[in-house]
Amino acid sequence: MRTVRELTELRAAVAEWRAAGERVALVPTMGALHAGHMALVEAARRPGTRVVTSIFVNPKQFGAGEDLARYPRREAGDARMLTDAGCDLLWAPAAEVMYPDGFATAVAVAGVSEHFDGAVRPSHFDGVTTVVTKLFNQVAPDVTCFGEKDWQQLQVVRRLVADLDLPIEIVAVPTQREDDGLALSSRNIYLSPDERAAAVALPRAMGVAARAIGRGDEAADALAAARASLTAAGFDVDYVAVADAETLAPDPAAGRPRRLLVAARLGTTRLIDNIAVE
Ligand code: PAF
């Protein structure tokens, strides 16, 4: 696997593959890779398709006081994992390559990015959609893989691709979980052993509430119970809510697919998760 840091070199590699009739898949990441990312690479690997994984810790999607400075960076280990997973090229631009002096453009997606993480982290999704648009223009992929773990991000990127007529297929990859149900996340390494033990309350509370709502219990009661059990486990809850699975509207119309979304903090670690309400 090649590691590339300059845009001209990336474009030359992609042009060579295209000239040979190959397709290109992009797996955008911020590094600190785990089995969840490897599932994205696995989903990207198809006959006749080259896989590019990007690693870029995007400062524009972190708010003031968030974990940009301590976000785990371990490119050498990530590169080994990607090589073993069959990735063809690691695109790892420096911040000055992604955002040269004078950079002044932002890409914003309204509506779907407004609630939940969009409300709690006000400039977060503008940062995501700006860098994702840049990555799409840099790599020009036919296919891109995003994890369902960041459900709202996935819907925001779907909206972006549809609205801007980008000829890119989006593959959604199910959340990968530890044996006890905790969703894999690069931020799980922040958890102390006690916090890690308590963290299992999040997928449990989420599952209990989703099943209750799915069988017809009052959503407000089920969500209040989930909030109470998270608080009892030591979480500080940002939101626990049911939304339209596609538009993220907080009051889904009857018959629309629904998603239960949770974000909560354990100490200094913010965890998010989601599940279908069926
Ligand atoms: O999901 C992530 O890791 C990031 O939000 C992404 C899509 C790589 C953009 O920086």
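Scope of the values below: all heavy atoms of this structure, side chains included, with no hydrogens, waters or symmetry mates. Every number for a ligand or one of its atoms is a count from 1 in the order of the listing.
Near P28, meaning under 4.0 Å from one of its heavy atoms, ligand 1 places the atoms 8 (C). Here is the list of ligand 1 atoms found below 4.0 Å of a heavy atom in T29: 8 (C). Close approach of ligand 1 to V131 (heavy-atom distance below 4.0 Å) involves ligand atoms 9 (C), 10 (O). Of all atoms in ligand 1, listed by their number and element, those nearer than 4.0 Å to a heavy atom of F146 are 7 (C).
Judged by distance alone, the side chain of R258 and the main-chain N or O of R256 form no donor-acceptor pair under 3.5 Å.
Atom 10 (O) of ligand 1 has its closest protein heavy atom at Q61 OE1, 2.6 Å. For atom 1 (O) of ligand 1, the nearest protein heavy atom (residue, atom name, distance) is Q153 NE2, 2.8 Å.
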Please report, to 0.1 Å, the donor-acceptor pairs under 3.5 Å made by any side chain of residues 259-267, with sequence neighbours excluded.
residue, atom, partner, partner atom, Å
R259, NE, N274, OD1, 2.8
R259, NH2, N274, OD1, 3.0
R265, NE, D238, OD1, 3.2
R265, NE, D238, OD2, 3.4
R265, NH2, D238, OD2, 3.0

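Applying the 6.0 Å contact sphere to CD of E246 captures no more than 12 heavy atoms from other residues, nucleotides or ligands.
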**Request:** Check step by step if salt bridge (Lys or Arg N to Asp or Glu O under 4.0 Å) holds for R177 and D273.
**Result:** CA-CA 11 Å; R177 297 182 179 280; D273 206 344; 2.8 Å; yes

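With L90 as the partner, the side-chain contact (heavy atoms from CB on, under 4.5 Å) test is satisfied by one option alone out of M1, R2, R5: M1.
With a heavy-atom cut-off of 4.0 Å, L135 does not touch ligand 1 at all.
Looking at R270 and D117, a side-chain N of the basic residue comes within less than 4.0 Å of a carboxylate O on the acidic one, giving a salt bridge.
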